[in-house]
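For reference, the structure discussed in these notes is given below.
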Amino acid sequence: QVQFMESGGGLVQPGGSLRLSCLASRNIFSGYDMAWYRQAPGKEREMVADITNGGNTYYDDSVKGRFTISRDNAKNMLYLQMNNLKPEDTAVYFCNRGWSPAPSWGQGTQVTVSS
């Protein structure tokens, strides 16, 4: 049962940009905070950006000023515009509900920032 489908990752050079997309199931999207999480090898999954149903946003300090989260409630879509990417941003990126995620996760999309 697919609840989240992430896409848009890839290999980019430092300073480059990527735009990630997530299609979520309506029953777990509508009315809830939605967020982007990432997990690097050997590290725990961490939330990097959150957006409320009404559009208020939160960013982890590590991405603040570089990433922009947005959502399209009519399409059950979540987006993450990532600019000025750094090698430290290398991770698998996932979407889920914000703050208290649903127990099932998608496959994620790999972002690799390297020269």
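Worth saying up front: this structure is predicted, and the values here are computed from it rather than measured.
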Check your understanding: Just by distance, do the side chain of W36 and the backbone of Y79 share a donor-acceptor pair under 3.5 Å?
Key -> yes
**Study point:** Charged N-O contact under 4.0 Å between D61 and K64
**Key:** yes
Review point. Rounded to the nearest 0.5 Å, what separation is found between the CD atom of E88 and the CZ atom of R38?
Key: 8.5 Å
Point to revise | Any side-chain heavy-atom pair of M47 and W99 under 4.5 Å | key: yes
Review point. If you draw a 6.0 Å radius around CD in Q110, do more than 12 non-hydrogen atoms from other residues or ligands fall strictly inside?
Key: yes
**Study point:** Flag, side chain of S25 to backbone of I28, donor-acceptor distance under 3.5 Å
**Key:** no
Practice item. May I ask you to decide if N84's main-chain N or O and R66's side chain share a donor-acceptor pair within less than 3.5 Å? Key: yes
Review point. Going by heavy atoms in the side chains, are L20 and T109 under 4.5 Å from each other?
Key: yes
Practice item. Is it possible for you to say whether V111 and I69 belong to one hydrophobic cluster, with membership spreading through side-chain heavy-atom contacts below 4.5 Å? Key: yes
Practice item. Drop me the distance from Q81's CD to S21's OG, to the nearest 0.5 angstrom. Key: 9.5 Å
Revision key, fill the gap. One should read off an interatomic distance between N96 CG and E6 CD, to the nearest 0.5 angstrom, of 8.5 Å
Point to revise | Atom OH of Y58 with >12 non-hydrogen neighbours under 6.0 angstrom | key: yes
Review point. Are Y59 and F94 connected, step by step, through hydrophobic side chains (Ile, Leu, Val, Met, Phe, Trp, Tyr) whose heavy atoms are closer than 4.5 Å?
Key: no
Point to revise | CA sep, side-chain torsions, deciding dist, call: R45, Y37, side-chain hydrogen bond (donor to acceptor under 3.5 Å, both in side chains) | key: CA-CA 7 Å; R45 201 191 326 255; Y37 301 78; over 6 Å; no
Check your understanding: Do you see a donor-acceptor pair shorter than 3.5 Å between the side chains of N83 and S17?
Key -> yes
Point to revise | N73 side, atom CG; N53 side, atom CG - distance, nearest 0.5 Å | key: 5.0 Å
Check your understanding: For residues S70 and R19, is any side-chain donor paired with an opposing acceptor at under 3.5 Å?
Key -> no
Check your understanding: What distance do M77 atom CE and L23 atom CG have between them, rounded to the nearest 0.5 Å?
Key -> 5.5 Å
Practice item. Start with the C-alpha distance between T57 and R71, add both sets of side-chain angles, then the distance that settles side-chain hydrogen bond (donor to acceptor under 3.5 Å, both in side chains), and finish with yes or no. Key: CA-CA 11 Å; T57 57; R71 65 192 289 165; over 6 Å; no
Point to revise | Verify same cluster id: L78, F67 (apolar side-chain graph, 4.5 Å) | key: yes
